[in-house]
Number of protein chains: 2
Amino acid sequence: MSNMKPLPLPLLDPAPGEAGAAPCCPPLTERPFTVEEARTAARMFKALGDPVRLRLFSAVASHAGGEACVCDISDVGVSQPTVSHHLKKLREAGLLTSERRGTWVYYRVEPSVLATMGRLLAAT
Amino acid sequence: MSNMKPLPLPLLDPAPGEAGAAPCCPPLTERPFTVEEARTAARMFKALGDPVRLRLFSAVASHAGGEACVCDISDVGVSQPTVSHHLKKLREAGLLTSERRGTWVYYRVEPSVLATMGRLLAAT
DNA sequence: CGTCTATGTTGACACTCATCGATACAAGCG
DNA sequence: CGCTTGTATCGATGAGTGTCAACATAGACG
């Protein structure tokens, strides 16, 4: 409602409430996680813990050019508001970033994410 | 030594309702996940999507000998029933297995899990 | 047998979440 | 300026989840 910002992209900035993928945490097998580590890592796992979000993330991650328009990946069997909702969750978890270009919005995988999560599951 | 376990352990077998970690799914970046792949993989991510469960899993995974007694890992800031509840979730997701030996119950990481999940996040 | 310890289960509660329709916002085009 | 399309937000709702206290179960030991 009182969205009086003169700034161009009020809905797409990664600004407030979005987590950002910190280079968090040693491998899960290295030592017991601390409360803080667990909270950070669980946020990422949780974001991928929904089938629809996992399909959306996979669709973006595997898309040619490293990015995908929402229109390219919306066919996951749920309504458009629900797709938008899940993409927002993935953004808030720091897994995806978005950018509006003209009419369309493009999503890409936050670069550090795959390495960070891969490291969590690395065997010692 | 009547500890020969002639009876099946109704609470500890991975029998019904427990998922089992299938060698599921290509890397997330390879191609968009199918509905079935997403359902299977999301079940595992979801199990790790809670801070308490992540600490329990990490405690088991990092414990000397590859297994941990519940009594070794119960100090995660929640009540004993809650610990038991979360361990059950991790079992049902196929991430942990349990075995009673005498008074104590020991948990270990399902061997294939780390490799399977690591593969999901492998970069191409 | 009885009792103690370790762990799992039940039932209840508050809370979160996935989903949708309706609506708002953004950009291009006539 | 309206019209159209793409995407985000709002509000409601039903399903799911984390948590605990109380209770149940299993083994060890006397």
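Protein chains get the first letters and strands the later ones, always in sequence-line order, with residue 1 at the start of each.
- When each of dG18(D), dA26(D), dT9(D) is scored by its nearest atom to the side-chain atoms of Arg91(A), the top-ranked nucleotide is dT9(D).
- With dT9(C), dG18(D), dG6(D) as the choices, the nucleotide that has an atom nearest any side-chain atom of His85(B) turns out to be dG18(D).
- One finds a side-chain N or O of Tyr107(A) lying less than 4.0 angstrom from the OP1 or OP2 phosphate oxygen of dA8(D).
- Here dG8(C) is the nucleotide among dT7(D), dG8(C), dT19(C) with the atom lying nearest to any side-chain atom of Ser84(B).
- Candidate nucleotides dG18(D), dA18(C), dT7(C) were compared by shortest atom distance to the side chain of Asp50(B), and dG18(D) ranks first.
- Comparing Val78(A) and Thr103(A), the nucleotide of DNA chain C nearest to each residue sits closer to the 5' end for Val78(A).
- Residue Thr82(A) has no polar side-chain atom (N or O) positioned under 4.0 Å from OP1 or OP2 of dT19(C).
- The side chain of Pro81(A) lies closest to dT9(D) when the candidates are dT9(D), dT9(C), dA18(C).
- Between Arg100(B) and dT25(D), a side-chain N or O to OP1/OP2 separation shorter than 4.0 Å is absent.
- Hydrophobic clustering keeps Tyr106(A) apart from Leu96(A) (ILVMFWY residues linked when any side-chain heavy atoms are closer than 4.5 Å, directly or through intermediates).
- Closest to the side chain of Val105(A), out of dA8(D), dT19(D), dA6(C), is dA8(D).
- Nearest-nucleotide positions on DNA chain D place Ser74(A) closer to the 5' end than the other of His86(B) and Ser74(A).
- Proximity of Lys88(B) to the phosphate of dT7(C): no side-chain N or O atom is located under 4.0 Å from OP1 or OP2.
- Proximity of Lys46(B) to the phosphate of dT17(D): a side-chain N or O atom is located under 4.0 Å from OP1 or OP2.
- Taking 3.5 Å as the limit, the base of dG8(C) and the side chain of Gln80(B) contain a donor-acceptor pair of atoms between them.
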